[in-house]
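What you see is a predicted model, and the numbers here were worked out from it, not measured in a lab. The figures that follow rest on heavy atoms only: side chains count, while hydrogens, waters and symmetry mates do not.
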Amino acid sequence: MKRWPVRAAGQALAAPVVGAVLAGIGTPHLAASYLTAMQRVLPVTFCTVFAASANGRIETVSAASTYGHTAERTAERYVAERFDRLDPHMAWLAGRKLPKRPQLWLGHHRAEEVEDPAYRAACYGDVGIRERSSVLLLLPTGQRAAVSFYRSLAQPDFGAADFALLETHAALLADATAAHGRSAVAVREAAEPALASRLLGLSLREREVVGHLLAGKTAKETAREIGIELTTVRTHQYRAFRRLGIRSLKELLRGARA
């Protein structure tokens, strides 16, 4: 497992790659656009984009794969199980001192270097992923993001040439991810009522469950702290999400910032 600062890129970027990256900004297809773009220059199977606020709340989640919806389902589990707390890159960014200006790194690790067995199985072993290379961004505001590209067991190891290509495109990917975050906030502020007012329409128990989820608790942790069965928590969660007009924990966490 290693990380190193991104050096200033001196190489011109191909227009089709730049165009594909920028096409995802402000859309639900951010990771798919990144994957399409980077597959023009190196072989990768998955792409994920995870961004968190200074207080640790997940703000942006996007995932894409070359086959089916495997990456999307894996990303949903990543959020639901709060694997960001175990993610070596996101945890490392969270522990760093805030910089005076945006900072960029490249990160790389293999599946076997992930310590937590549940996280390793869900995001690597169960989906046939061997290793991950990431563009890591830390802003002076405390916001942090990881744009990651994955290789399957059938693909070659990431090498020096691959890292050089990622480094060349790191600033583009980081800037696009930051712009996507600003775009998403603007859209929500214009189109969605504040989550706080919508929560008033829930029952007391539903609000209690949602409150624990917003605080970063898993469903299992919520059940234990409230003192009810996990199936009951799931029922309250389902009813609350239906009343709020959302379908996933990811949407709930996004709405909390509106």
Exercise. What is the minimum heavy-atom distance between Glu167 and Pro5, and which atoms define it?
Worked result: OE2-O, 3.8 Å
Problem set entry | Listed partners of Phe163 passing ring-ring contact (aromatic ring centres under 6.0 Å, His included), at least two apart | Trp4, His108
Problem set entry | Any residue meeting side-chain hydrogen bond (donor to acceptor under 3.5 Å, both in side chains) with Arg120, in chain and number order, not counting sequence neighbours | none
Problem set entry | Arg73/Asp126 under salt bridge (charged side-chain N to carboxylate O under 4.0 Å, His left out): CA gap, chis, key distance, verdict | CA-CA 12 Å; Arg73 290 194 296 269; Asp126 291 352; over 6 Å; no
For this session: Applying salt bridge (charged side-chain N to carboxylate O under 4.0 Å, His left out), run through Arg85 and Asp87 and close with a yes or a no.
Result: CA-CA 6 Å; Arg85 297 172 175 174; Asp87 183 329; over 6 Å; no
For this session: Only counting residues at least two apart or in another chain, list the ones meeting side-chain hydrogen bond (donor to acceptor under 3.5 Å, both in side chains) with Gln103.
Result: none
Exercise. Counting N and O atoms only, with roles assigned by atom type, does the side chain of Ser62 sit under 3.5 Å from a partner on the main chain of Ala31, one being a donor and the other an acceptor?
Worked result: yes
For this session: Would you confirm whether the ring centroid of Phe46 sits within less than 6.0 angstrom of the ring centroid of Phe149?
Result: no
Problem set entry | Side-chain heavy atoms of His212 within contact of Thr218, under 4.5 Å | no
Problem set entry | Candidate pair Arg205 and Glu208, rule salt bridge (charged side-chain N to carboxylate O under 4.0 Å, His left out), full reasoning | CA-CA 5 Å; Arg205 184 62 87 184; Glu208 186 176 15; 2.7 Å; yes
Exercise. side-chain contact (heavy atoms from CB on, under 4.5 Å) with Glu206: which of Arg242, Gln237, Arg239?
Worked result: Arg239
Exercise. Is the distance between the ring centroids of Phe158 and His109 under 6.0 Å?
Worked result: no
For this session: Verify whether one side chain among Tyr67 and Thr45 offers a donor that lies under 3.5 Å from an acceptor in the other.
Result: no
